Amino acid sequence: MSSDNDLEPPDHAPVATDDAGLHGGDATGSGLVAEKAKRLQKLTDIRESGGNPYPYRFDRTCTLAELRAEHGALEAGTETEVEVAVAGRVMLMRDSGKLIFATVRDRDDEVQLFVSKAVIGDDAFAALRDLDLGDWVGVHGTVMTTRKGELSVKVQQFELLSKAVRPLPDKWHGLTDTDTRFRQRYADLIVNEEARRSFRVRHEIIASFRRTLHGRGFIEVETPVLHVEAGGAHARPFITHHNALDMQLYLRIALELHLKRLIVGGMERVFEIGRIFRNEGISTRHNPEFTMMELYQAYGDYSEMIEITERLITQAALDATGTSVVTVHGPGEASLEVDLAQPWRQARMIDLIEEAIGVPVHPSQPLEELRALAAQHGVACAPRWGTGKIIEELFEATAEHRLVAPTFVTGHPVEISPLARVDRNDPFLTERFELFIGGREIANGYSELNDPVEQRLRFEDEQTAKDLGDDEAATAIDEDYLRALEYGLPPTGGLGIGMDRVAMLIAGVHSIKEVILFPTLRPEVF
RNA sequence: GCCCCUCUAGCUCAAUGGUAGAGCAGUGGACUUUUAAUCCAUUGGUUCAGGGUUCGAGCCCCUGGGGGGGCACCA
């Protein structure tokens with residue numbers, strides 16, 4: 001506990017935090033300070049009468065969902081002899097004199113407590129009436145239904161399990177202020193069903209991915225988060241420092257290069273679901289730390305990666321929501337119902353550009369021709385860009401936003417795909433794909449480049465390109481990775497999927513912050 | 001980094017530049033089948049902070065801060 005613990009009674013509190021009643025609130029009013037003071041006084045009263053407002057444990061006989069599963073079908077007005085012990089947080093209380101109805105909630109369900117003064121006695125009844133919304137309670141009682149048919153526990157005994165000293169947000173409207181929702185996620189989860197649902201969906205998706213991959217013989221591994229070189233993608237890294245080694249380290253921006261080392265080592269099928277870090281802007285689609293799933297499969301190529309991508313995501317939707325139908329949002333207000341179980345479109349990047357602008361393009365075209373075309377479509381080209389980079393920019397400017405229904409964009413130019421293998425039918429393109437749904441990039445995969453000589457040349461081309469631009473310091477060539485390739489990387493297919501974006505898609509939410517429990521925010525000023 | 005929007009009671013929201021209000025939560029009271037219980041009464045505010053304009057600012061202007069959206073960045 002820190003020394004500025006705000007649970008101190010107000011007359012001792014050295015610092016006001018969000019207690020706006022610092023000047024006006026007192027124990028006789030109903031500001032936050034007064035409210036907390038009242039509840040703290042209850043703690044004192046409980047202790048003085050020999051009770052413990054924070055007991056060590058409570059043994060339930062069942063969860064509320066189990067209770068409902070077993071007794072949910074009882075007819076209205078039924079009393080049973082079935083004794084249960086259940087626990088949860090008090091969310092609502094309805095006091096009608098000598099009866100109190102309280103709604104308690106545990107992780108997965110809610111149930112009503114039926115409390116009769118005649119059953120539990122005057123003292124216990126008064127103590128129960130003294131509970132506050134937000135308190136945790138454990139109760140012993142019998143299963144019943146009310147006249148209206150509400151499944152209830154008729155309370156024989158109850159026990160305060162933990163006192164809530166701070167009041168809950170509005171019981172009906174919950175929390176709507178995004179700032180508060182993200183900073184105080186605990187409060188968001190307590191009062192907003194939608195928030196609980198999104199994170200449940202996220203969990204089910206990740207669990208589904210693991211099941212699918214285990215079923216296909218993939219081994220889950222963990223590779224370093226601290227990298228000597230931030231490779232495997234182009235993004236600005238977070239930089240940190242190791243004291244004992246007195247060296248600069250980077251938080252990883254991709255999983256790729258370590259996982260492929262494991263394929264060199266003969267592990268054949270590996271995957272990792274892990275946090276990666278990119279020191280870029282924050283938006284509805286970007287958080288500085290986010291979760292990537294990458295997998296690598298020996299003897300496979302990009303076509304198998306396309307198949308497994310489709311399978312993983314469709315199965316995850318089914319497992320998380322019970323349906324493969326999702327609603328995707330295109331540009332503007334338009335939305336589209338998509339059944340992920342239907343086959344997904346595949347199209348080459350250059351063909352999608354032609355579709356959009358009516359002119360064929362190819363990285364073998366003269367640079368000046370592509371520059372002119374780019375200019376026509378409002379793409380400002382940097383001098384160092386080659387034909388491949390211009391084609392990618394053209395794609396982003398003219399075609400990408402149209403890809404609302406799931407689409408595998410394939411055949412990225414070699415120039416922008418330094419770790420992907422050249423297309424067996426076109427030396428200017430790679431065997432690569434990116435999956436777009438709702439105009440958002442969801443996944444990226446390819447046939448892995450496994451020729452160590454060619455890989456070194458590609459890295460060197462990257463270096464040259466970076467040296468020409470003044471963007472960021474060029475990442476040094478990863479010599480250890482090249483050494484690994486020299487031992488022999490078998491033919492391999494690789495895939496990366498942005499888990500947060502999959503969760504957004506399947507949960508049907510519009511911001512990445514809705515699927516990240518604690519999104520990155522500026523620190524709160526206390 | 002740039003542009004737009006936003007910030008009022010613990011929460012959800014009102015308030016032509018003219019006395020800051022309501023609902024919920026809280027407090028007191030009534031009620032033995034409620035369901036956001038209901039009914040009666042009632043407490044609670046440095047309107048994000050600091051400046052300015054004005055007889056008068058929650059409201060208009062400036063600066064700063066938090067958040068949201070968009071752009072840029074993000075192969």
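Remember, predicted model here, so these are calculated numbers, not experimental data. Convention: sequence-line order gives letters A, B, ...; per-chain numbering from 1.
In this structure, the side chain to side chain donor-acceptor pair (under 3.5 Å) partners of A:E448, at least two apart in sequence or on a different chain, are A:K260. Legend: residues meeting ring-ring contact (aromatic ring centres under 6.0 Å, His included) with A:F158, ordered by chain and number and at least two apart, are absent. Scanning for side-chain contact (heavy atoms from CB on, under 4.5 Å) contacts around A:K42 gives A:D130, A:D132, A:K163, with sequence neighbours left out. Remark: A:T103 engages A:L92, A:R94, A:E110 in a side-chain contact (heavy atoms from CB on, under 4.5 Å) (not counting sequence neighbours). Judged as a ring-ring contact (aromatic ring centres under 6.0 Å, His included), and not counting sequence neighbours, the contacts of A:F436 are A:F395. Listed by chain and residue number, A:F408 satisfy the ring-ring contact (aromatic ring centres under 6.0 Å, His included) test with A:F433 (two or more places apart in sequence, or in another chain). The ring-ring contact (aromatic ring centres under 6.0 Å, His included) check on A:H510 picks up A:H329, with sequence neighbours excluded.
If A:G174 and A:E393 are placed on RNA chain B by their nearest nucleotide, the residue sitting closer to the 5' end is A:G174.
Contacts classified as ring-ring contact (aromatic ring centres under 6.0 Å, His included) and involving residues 97-134 of chain A (residues at least two apart or in different chains) are given here: A:F101-A:F114. Annotation: ring-ring contact (aromatic ring centres under 6.0 Å, His included) contacts involving residues 169-190 of chain A, sequence neighbours excluded, are absent.
The distance from atom CD1 of A:I253 to atom P of B:C73 is 17 Å, rounded to the nearest whole Å.
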**Prompt:** Which dot-bracket string fits RNA chain B when only Watson-Crick or G-U wobble pairs with both atom distances under 3.5 Å count, crossing pairs get [ ], and | stands for a partner on a different strand?
**Reply:** (((((((..((((....[..)))).(((((.......))))).....(((((..]....))))))))))))....

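Side-chain contact check for A:I120 versus A:Q157: every heavy-atom pair is 4.5 Å or farther apart.
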**Item:** Per-nucleotide protein contact string for nucleotides 64-72 of chain B (B base, S sugar-phosphate only, - none; heavy atom under 4.0 Å)
**Value:** --SSSSSS-

Protein-nucleotides 35-38 of chain B N/O pairs under 3.5 Å:
| from | atom 1 | to | atom 2 | distance (Å) |
| --- | --- | --- | --- | --- |
| B:U35 | O4' | A:R94 | NE | 3.4 |
| B:U35 | O2 | A:E150 | OE1 | 3.4 |
| B:U35 | N3 | A:E150 | OE1 | 3.3 |
| B:U35 | O4 | A:T146 | OG1 | 3.4 |
| B:A36 | O3' | A:K171 | NZ | 3.3 |
| B:A36 | N6 | A:W172 | NE1 | 3.3 |
| B:A36 | N1 | A:W172 | NE1 | 3.4 |
| B:A37 | OP1 | A:K171 | NZ | 2.5 |
| B:A37 | OP2 | A:R94 | NH1 | 3.1 |
| B:A37 | N6 | A:D95 | O | 2.9 |

